[in-house]
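Below: the structure, in C-alpha cells.
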Amino acid sequence: MITLTVDGNEVEVEEGSTVLQACEAAGKEVPRFCYHERLSIAGNCRMCLVEMERSPKPVASCAMPAGNGMVIKTDTPLVKKAREGVMEFMLINHPLDCPICDQGGECDLQDQAMGYGLADSRYQEEKRAVENKNMGPLISTIMTRCIHCTRCVRFATEVAGVPELGAIGRGEAMEITTYLEKALASELSGNVVDLCPVGALTSLPYAYKARSWELSHTSTIDVMDAVGSHIRVDTRGNEVMRVLPRINDDINEEWISDKTRHHIDGLASQRIDRPYMRGASGRLAEANWDDVFAAIAKAVKKAQPYEIAALAGDLADAEAMFALKTLMDTLGSPHMDCRQDGSVIGKQGQGGYLFNSTIAGLDEADAIFLIGANPRHEAAVMNARIRQNWLNSKLRIFRLGEAVDLTYPVTELGTDASVLENLVSKGGPVISALKRAKRPMIILGAGALNRKDSAGILSSVSMIAKTVNLVTPEWNGFNVLHTAASRVAGLMMAFLPAKGGKATADIMKAMEKGDIKLLFNLGADELDFSKRDSKTTMIYIGSHGDHGAEQADIVLPGAAWSEKDAIYVNMEGRVQHAQKANFPPGDAREDWAILRALSAVLGKTLGFDNLDALRAALISAYPVFGNVDTAQPARPKVLGRKQAISDLPLTTAITSANGGSDNSRNFYMTCSISRASVTMAECVKAFEANNDVKAAE
C-alpha cells in the first residue's frame, strides 16, 4: 500500500493507483473529461489538475502515479485558477446548443462549467466548426461540440475491439471520425454515447424526443440475451423512451449491447392488445375473453391428456412458465419443452447447463476453448470481457466452429465436429494448452447443443474435461453459453418432457401427424407451425404479432418484458427480479394472470391468486429460485452418451449482424420484439451496406 496526504488527510491506496484515485479515496471530488475507470489513461483534457508539493506547476492527477509521501492539494487558489483556465479553453469553440442539445440536464460539460468555470469568456475570434460524421443509425454526431477527450476512440479500440474511430488532423484541425464515414461496426457502439462527456455523440433514435428530467427511471434486467445485464428503463407516461446500463461488475460492468439499448421501439409495434380467434373465414378476428376461454375449454375437453402439449419461448418469464407447467401437470400432459432450438441439455443436472465459471470468472481464465459458440453476437457484453482478459494477459483462445471476427485472435480448429473425437484420442495443442492452464475454460454454444449428434459432442467434451482437469474444488471451467433469457429458468423448473413426454422436435412432428390436438404456445416464435394438422388447435400467449401469433387459432394478449414484474435467470444461474416500467396496452395482461384465469374456466384452478402467492409456490417447488442475485454454479454430472459425431459443419446460433448463413439468425432480429423494431431493421441495412463497401474494395 502507498500512503500520501490529500488536503491534509493521510490516505492509503494500492500500489499502481493514480493521484486522482487517491483523491477520490480521500473523499475529494476531482473534475475530469478524458479519464474513465475502464479505459486507458489519455491525460489530454487537463481538467483534473491538482497541486503537488515540490512540483513547479499543477499536475494532471489522472496520469500521475501515486507515490509514498506525496502531498496533494485539490482546493488551493492555484488549482482553482488552473481549472478555470482549462474550462475557458474548453468552451472557446463549444457552440451554445444547450437549449436543443439532447445531453442537456446530464452533461458533464454543463455541470463542470458551473462548478469550476468562469462566468464569461475573453475569446473574441470566430469559433471553429466541424462537419458531422456518419457513424450509423444509432449515433447522432454534432462534432463541433467535441472536446477531443478521445473516450469514444479508446472504447472502440480497447473494449469493443473495432479500431474504426480515431483522430485526423492536428491542433485546431483535429477531428474524431470513422475514417471511411460508415456505420461503426460494433454490437457495443451505443456505449460511446454514455461515455461522451459533452453532446458530440448522442443517441440518434432518441434524438429530440425527451428531456432527462421528464423521465421516470426503473431499474430492471435485460432479456435480449442470457447475460442478464442490469439496465435502467426510462419512461415518459406509458412510453419507453430509452434504455441505459446500470453498473454491475459481476455481469455487464457498465456496458450493454446495441440491441438491448435500441430494440425498444419494437415494444409498441405490432402489439397484440386484445384477444383474437380464427373464424370460419380462416382469418383472425377480435374476440372477448369469455369467448376465447370458452373455445379453449371446448378444445381441452375434446383432447386427451397425451394430445395436449406446451412450448415456452425465449422471452418467457419464470412465473409464466411455472403457471403453464402447473396447468399442464393438472391436465395430465407430459409433453412440454422450453428449448425451442432443440438443445439436448437440461437433464444432466444444474452443472450441465450453466455458465459455471461465472461471467466475472472470464477475467481469471488463461485458456478458453469455444465449441459452436460465437460470444460476440450471442453475448456481446461477455465477449468484451474476454477481450479485456486477452489484452491484459497471455490468454489463449481456441475455436471449433464457424469462423467470425471475435475482436481477438483465435486459433481455429475448423468446423468439423468430429475433431473432438480426435482430441480425445490423440490430444493436440488445445489439450496441451488446457492442461497447462490454471484456469482452463470450455464454452459450449447453442450450435453444439441443438444437433442430432449433440449427445456425442457432450460425451467427448466430458472426456476432454476429465483429461485436462477442467473441474476442481477451486475452479469449474465447464460452461454453456445460452442465447435465450428464459432458458435457464425453464431448465431449473424442469419445463421439460416428463416421463413419456415429447420434446420440441417430437411435438412438431406429432402436430403434423395430428397426434397433438392442442398446443399452448407461450411466446415460442422461432418455430414453423405451418405444417401442423388442420385439426390441431394452437393457443398463442404473447405480446407481439410475430410468427407464433400469425399461425395460431387463438391469440391471448400478453405483457412484454418491460410491462411486468418478473423473474429471469441468467446463464450463470443468477436469479434476478425485473421491475415493471410501464403498463401493457389495451386488454393485454401478464402471462401468468391469463393462465390463472384460464385454469379457473377449465376447472383446474391454480393455487395462487397474486404474484406473491405464485412466487411463494415457485420457491416452495424449486428452492433455487429463492436464492436471488447469486450465481449458482454446480459440478456437471455425466454429459451425453457415446455416439458417433457427424462431419456436418459446426455452426453457431447467431452468425453475424447482417443475416449470415441460412442456418443462422441475425444478431439484431433474434426475437419478436427486435423483429418489430424499425431501428434494428436500419442496423441490418447499415451493416449490409458496410459489407457491400468491403466487397467493392
Side-chain angles (χ1 to χ4, degrees), residues 136-138 140 187 190 203-210 215-216 218 220 222-225 231 233-244 256-276 283-286 313-317 484-486 521-527 540-552 555-564 566 578 580-591 594 657-659 665-688:
L138 303 180
S140 173
E187 302 72 33
S203 171
L204 186 55
Y206 175 70
Y208 309 120
K209 287 190 175 179
L215 305 176
S216 299
T218 305
T220 187
D222 171 46
V223 300
M224 288 295 106
D225 54 33
I231 59 173
V233 176
D234 289 352
T235 55
R236 184 176 61 186
N238 201 42
E239 183 181 3
V240 175
M241 303 302 295
R242 65 179 181 179
V243 168
L244 298 175
I256 54 174
S257 73
D258 290 344
K259 181 169 56 177
T260 296
R261 189 184 297 267
H262 290 297
H263 77 282
I264 54 173
D265 60 325
L267 286 169
S269 300
Q270 300 181 17
R271 284 306 302 267
I272 303 171
D273 59 358
R274 65 201 67 190
Y276 287 86
R283 292 176 175 271
L284 286 171
E286 292 181 21
D314 292 348
L315 302 183
D317 56 275
S486 67
N521 181 345
L522 184 62
D525 288 299
E526 313 306 320
L527 297 168
Y540 178 81
I541 305 171
S543 60
H544 283 69
D546 202 65
H547 304 318
E550 180 185 5
Q551 300 172 80
V555 178
L556 305 179
W561 66 267
S562 66
E563 300 160 359
K564 54 190 172 185
K580 179 188 290 187
N582 59 329
F583 293 91
D587 290 336
R589 298 290 184 269
E590 286 89 343
D591 300 340
I594 294 172
N658 59 3
R665 290 185 295 164
N666 191 304
F667 167 75
Y668 293 106
M669 293 188 170
T670 54
C671 65
S672 59
I673 302 176
S674 55
R675 282 192 288 269
S677 167
V678 173
T679 305
M680 294 295 95
E682 289 175 351
C683 287
V684 174
K685 290 180 182 178
F687 287 108
E688 284 177 347

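Every heavy atom of this structure was used, including side-chain atoms; hydrogens, water molecules and symmetry mates were not.
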Heavy-atom side-chain contact between R261 and L138 under 4.5 Å: no
Sole candidate of I673, D234, V243 that passes side-chain contact (heavy atoms from CB on, under 4.5 Å) when paired with I264: V243
Closest heavy-atom pair and its distance - A552, L284: O-CD2, 3.7 Å
D222 vs W561 side-chain heavy atoms within contact, under 4.5 Å: no
Aromatic ring proximity, centroids under 6.0 angstrom, F667 and F687: no
Closest approach of K580 to T218 (non-hydrogen atoms, all atoms of both residues): O-CG2, 3.6 Å
From CA spacing to verdict: salt bridge (charged side-chain N to carboxylate O under 4.0 Å, His left out), E590, K564: CA-CA 7 Å; E590 286 89 343; K564 54 190 172 185; over 6 Å; no
Closest non-hydrogen atom pair between S674 and M680, with its separation: O-CB, 3.5 Å
pair R271-S543: side-chain heavy atoms closer than 4.5 Å: yes
Working for side-chain hydrogen bond (donor to acceptor under 3.5 Å, both in side chains), residues T679 and D265: CA-CA 7 Å; T679 305; D265 60 325; 3.3 Å; yes
Gap separating the OG atom of S672 from the CG atom of L315, nearest 0.5 angstrom: 5.5 Å
Heavy-atom pair with the smallest gap, counting every atom of H547 and D525: CD2-O, 3.1 Å
Minimal non-hydrogen separation, G542 against I272, with atom names: O-CD1, 3.9 Å
